[in-house]
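Worksheet: one structure, shown below.
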Amino acid sequence: MRTPPAPRLLALALALALELVLAPAQADEPARLAALQSVVVVGTTVLPGVGTPLSQVPANVQTLRADALAAPRAATLAQALDQGIGSVNVNDTAGNPYQLDVNFRGFTASPALGTPQGLSVFVDGVRINEAFGDTVNWDLIPAGAIARLSVIPGSNPVFGLNTLGGALSVVTRDVFDEDGGQVRATAGAWRREALEAEAGGHDAHVGWFATANALHERGWGMHDPSRVAQAFGKLGWRDGADRADLSVSLANTRLEGNQTLPLSWLADARQSYSWPDHQANRLAFLNANASHRFAPTLLLEGNAFHRALRSVVLNSNVNDDFDTREAVGPGNEPTGNAIDDIRQARSGASLQLTSTATIAGHANHLGVGASVESGFTRFTQSSQEAGSSRDTTSSAPVSLQTALHARASDVGLHATDTFGLDARNFLVVSGRYDVARVVLADQRGTALNGHHVFRRLNPAIGLTSNPRPELTFYATYNEGMRVPTPVELTCADPAAPCALPNAFASDPALKPVISRNTELGARGRSAALEWSFALFHTGLRDDIQFVSSGSGATSAGYFQNVGATRRQGLELGLQSHGAALSLALRYSVVDATFRTPLVLNSPNNSTAGPISCAQCADIAVHPGNRLPGIARHTFKVRGAWSFGDAADVGATLVAQSGTSARGDENNADANGRLPGFALVNLDARVHLGAAWEAFANVDNLFDRRTSSFGTLGRNVFTGPGRTFDATGASWRSEQFRVAGAPRGIWVGLVWRFGAQAADAP
């Protein structure tokens, strides 16, 4: 499919909107109004504030409510996004279900350093992308505390820096809606055991809510156990025009993954290429929000936050500098461990004034605000020799290699206005000006020192038209900027690739990424049916990609501006709500391609040759080659049947087309693409009476063998019994894949108390 370029999309939208403005209203409009559900309001600014009716929002906003997130069919927030949001596919880069990359319209929010980020994630107005690499740790977001999650597509400048393809806005539960609580216990496959508890209450002025959960599982592979512990508490106060909330979120997790396996090894997908590989996170996140309503149409709100995260990472690696001409021994060991200690802290505050007062009889929704934040990172990387075994557990001395301090700060001013041209048509104009700084200080010398400043005004304009109350057409254009992160700026030299997140070696300048996004769409609803359609086109200038160096460590490489890239496509959504049966269908096409000719180093690509130099192993990337890891087609169907108050059963189908492996940017490697797949999940709930409920879910019902992430690398464990070949004679280039999880079955019980028990069926 070929989507029209941005100017033609806008011209078509304006022509369509004009026609609808002039169209006469239907005589039976009051009857249709009576049949509609209540007006849907969504947050279109960072702070929750005064929401905007969906009919005035020029974007295909998608929302997951608490009931969908809490259902047993989704074990993690990333999996809930994969099953419930259109244009989303996930990459399992680490072989652990709690460390997934979430791709939306070809842009990524990932916990992995080395993945260029393009999505912003907010929790109660605070951007939780981490300071060092803009990463998103899904294991640190307590799903039990979420009231709703909205995905706002495009480069909406109001959401600030690094919002290239969209923003995910999480709003936690309102303490004044809480009364009672529940306890949920789960057990099943791979010795997964989980316990979650929540409780809350309120009076006229004070409310509280708390939730905590603990999960442990052995994992389905030989080396992928997980431990997750989270706690969230919120205290709220309100009195007339004033309101304040204080929340604290704590997490302590330890996740281990199977990582990628050579294609020739996948007959036994439970094994690991090398091990151990684990990451431990400890989070403390404090957030205070307050608001004062000066008048029914004037609201002032602000927040202040502090977020502290410590991550300790151990990666088992192949020694890129191993010399086959020398004897194996100290100083020339085939494997080693990289041990990273990353301590990050971010503090900030924001203020926003919202007015909904009419102007000359026209509806108007104006928001102006300012924000400031500063993040500091203390990074150390140490190495440890580990011998010849794939098990790199070692007692060898640990040697400090890198010590870096990094500070990333941003000051931003934003404004957005939704002006009612008349009762049916609305013009939306917004903009944001940012000044961002990244300061790097090498603690062992001067090689990593750097000081970078980025400034830009990002605009947006949109138009919505509602020829009938249940029908909306819209068009929008917006721009955004992503500044290079500290981890990218310290790993940008092709001559000194990094085995991320290790071995930083240089600080060449990288240009900021500029996005230009156009979207055209329509949506409609009735008492039992909702539908949506969107065409989108996002062009990036000076996109940053992680380029594999192709050495023995499959994660080795460097960051590089790769010129222009483009994401374009369409989204279709359809939801039907009946008395017993509910159905939801989502289909999307995402065409994510390079638009600038490139020469990239990729020695394990079967088509590599001497392009940039006589000794090089390069590939030529042409405009139209697809970006790795992005599924072109995704298709999702959700069906649920309710047996009244007695029980519910549901099934979810998630299907996606094949993707290219990292290192195969020219889409020409002999191994081809990773194959597409379709997975079916089942879930059920049965009411047992007396506030008790039982549930069960089945993931990957038909036990399909899948893989959502691949990379090209060099397999060095090619000796007898898959041991290390010290001669290097049998080393071979292969496609490495992360194997998807097999079928898993879990059951559990829920006990409700207080008002929740009274409201239970």
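Along the sequence shown, residues carry numbers from 1. Atom set for the values below is all heavy atoms of this structure, side chains included, hydrogens, waters and symmetry mates excluded.
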* Could you please spell out the steps behind the side chain to side chain contact (heavy atoms under 4.5 Å, CB included) verdict for Thr596 and Val562? => CA-CA 7 Å; Thr596 300; Val562 296; over 6 Å; no
Look only at the side chain of [X] and the backbone of [Y], and say whether a donor-acceptor pair between them is shorter than 3.5 Å.
{"X": "Asn561", "Y": "Lys511", "result": "yes"}
{"X": "Lys636", "Y": "Gly84", "result": "no"}
{"X": "Gln344", "Y": "Phe132", "result": "yes"}
{"X": "Thr464", "Y": "Val57", "result": "no"}
{"X": "Glu665", "Y": "Pro628", "result": "no"}
{"X": "Asn129", "Y": "Val121", "result": "yes"}

Hey, what do you get for [atom1] ([X]) to [atom2] ([Y]), rounding to the nearest 0.5 Å?
{"X": "Ile544", "Y": "Phe559", "atom1": "CD1", "atom2": "CZ", "result": "8.5 Å"}
{"X": "Asn137", "Y": "Ser110", "atom1": "CG", "atom2": "OG", "result": "9.0 Å"}
{"X": "Leu283", "Y": "Ile128", "atom1": "CG", "atom2": "CD1", "result": "8.5 Å"}
{"X": "Leu627", "Y": "Thr659", "atom1": "CG", "atom2": "OG1", "result": "11.5 Å"}
{"X": "Leu299", "Y": "His292", "atom1": "CG", "atom2": "NE2", "result": "9.0 Å"}
{"X": "Ser249", "Y": "Leu286", "atom1": "OG", "atom2": "CG", "result": "10.5 Å"}

* Taking everything shown except Arg148 itself, do over 12 heavy atoms lie less than 6.0 Å from its CZ? -> no
Is [Y] close to [X] at the side-chain level, that is, under 4.5 Å between some pair of heavy atoms?
{"X": "Val428", "Y": "Gln56", "value": "no"}
{"X": "Thr377", "Y": "Ile342", "value": "yes"}
{"X": "Leu471", "Y": "Trp531", "value": "yes"}
{"X": "Leu427", "Y": "Ile461", "value": "yes"}
{"X": "Val487", "Y": "Thr135", "value": "no"}
{"X": "Arg586", "Y": "Gln575", "value": "yes"}
{"X": "Phe122", "Y": "Ile152", "value": "no"}
{"X": "Ser465", "Y": "Arg424", "value": "no"}

Please report the shortest heavy-atom distance between [X] and [Y], naming the atom on each side.
{"X": "Asn60", "Y": "Arg105", "result": "CB-NH2, 4.1 Å"}
{"X": "Arg407", "Y": "Ser374", "result": "NH1-OG, 3.0 Å"}
{"X": "Gly302", "Y": "Leu47", "result": "CA-CD1, 4.1 Å"}
{"X": "His306", "Y": "Ala308", "result": "NE2-CB, 4.1 Å"}
{"X": "Leu246", "Y": "Ala288", "result": "CD1-CB, 3.9 Å"}
{"X": "Tyr474", "Y": "Ala522", "result": "CE2-N, 3.7 Å"}

* Asked: Quick one: side chain to side chain donor-acceptor pair (under 3.5 Å) partners of Thr416, sequence neighbours excluded?
  -> none
* To do: List in chain and number order the residues that pass side chain to side chain donor-acceptor pair (under 3.5 Å) with Asp543, two or more places apart in sequence or in another chain; answer none if no residue qualifies.
  => Gln545, Thr565, Arg567
* Asked: Would Asn478 and Asn458 count as a side chain to side chain donor-acceptor pair (under 3.5 Å) if you check the C-alpha gap in whole Å, the side-chain angles of each, and the deciding distance to 0.1 Å?
  -> CA-CA 7 Å; Asn478 44 62; Asn458 294 305; over 6 Å; no
* Walk me through it: do Leu309 and Phe285 pass the test side chain to side chain contact (heavy atoms under 4.5 Å, CB included)? => CA-CA 8 Å; Leu309 172 65; Phe285 175 23; over 6 Å; no
* salt bridge (Lys or Arg N to Asp or Glu O under 4.0 Å) between Glu130 and Arg346, intermediate numbers included -> CA-CA 8 Å; Glu130 308 299 349; Arg346 286 174 54 240; 5.1 Å; no
* With Thr108, the side chain to side chain donor-acceptor pair (under 3.5 Å) member among Asn91, Asn103, Asp101, Thr115 -> Asn103
* Go through the steps for Thr63 and Arg65 under the test side chain to side chain donor-acceptor pair (under 3.5 Å), then give the verdict. => CA-CA 6 Å; Thr63 299; Arg65 303 284 176 178; 5.2 Å; no
* Asked: Quick one: which of Arg482, Arg437, Arg456, Arg432 gives a salt bridge (charged side-chain N to carboxylate O under 4.0 Å, His left out) with Asp410?
  ->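 Passing option: Arg432.
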* Asked: Yes or no on side chain to side chain contact (heavy atoms under 4.5 Å, CB included) for Arg566 and His537, after CA distance, side-chain angles and deciding distance?
  -> CA-CA 7 Å; Arg566 184 180 69 192; His537 177 287; 3.4 Å; yes
Sequence neighbours excluded and cut-off under 3.5 Å, please list the side-chain donor-acceptor pairs for residues 156-172, or say none.
| residue | atom | partner | partner atom | Å |
| --- | --- | --- | --- | --- |
| Asn156 | OD1 | Val158 | N | 3.1 |
| Asn162 | OD1 | Val483 | N | 3.1 |
| Asn162 | ND2 | Asp134 | OD1 | 3.3 |
| Asn162 | ND2 | Asp134 | OD2 | 3.0 |
| Thr163 | OG1 | Ser120 | OG | 2.8 |
| Thr163 | OG1 | Phe159 | O | 3.4 |
| Thr163 | OG1 | Gly160 | O | 3.2 |
| Thr172 | OG1 | Asp124 | OD1 | 3.3 |
| Thr172 | OG1 | Asp124 | OD2 | 2.5 |
| Thr172 | OG1 | Lys234 | NZ | 2.9 |

When you check the side-chain N and O atoms of [X] and [Y], is any donor under 3.5 Å from an acceptor?
{"X": "Thr634", "Y": "Ser588", "result": "yes"}
{"X": "Thr297", "Y": "Thr356", "result": "no"}
{"X": "Thr518", "Y": "Arg516", "result": "no"}

* To do: Show the numbers, then the answer: is there a salt bridge (Lys or Arg N to Asp or Glu O under 4.0 Å) between Arg525 and Glu470?
  => CA-CA 5 Å; Arg525 63 191 180 105; Glu470 69 274 24; over 6 Å; no
* Asked: Could you go step by step and tell me if Phe426 and Asn466 meet the side chain to side chain contact (heavy atoms under 4.5 Å, CB included) rule?
  -> CA-CA 9 Å; Phe426 298 86; Asn466 301 273; 4.0 Å; yes
* Name the orientation class of the two ring planes belonging to His452 and Phe454 (parallel below 30°, tilted from 30 to 60°, perpendicular beyond 60°). =>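 Correct class here is parallel.
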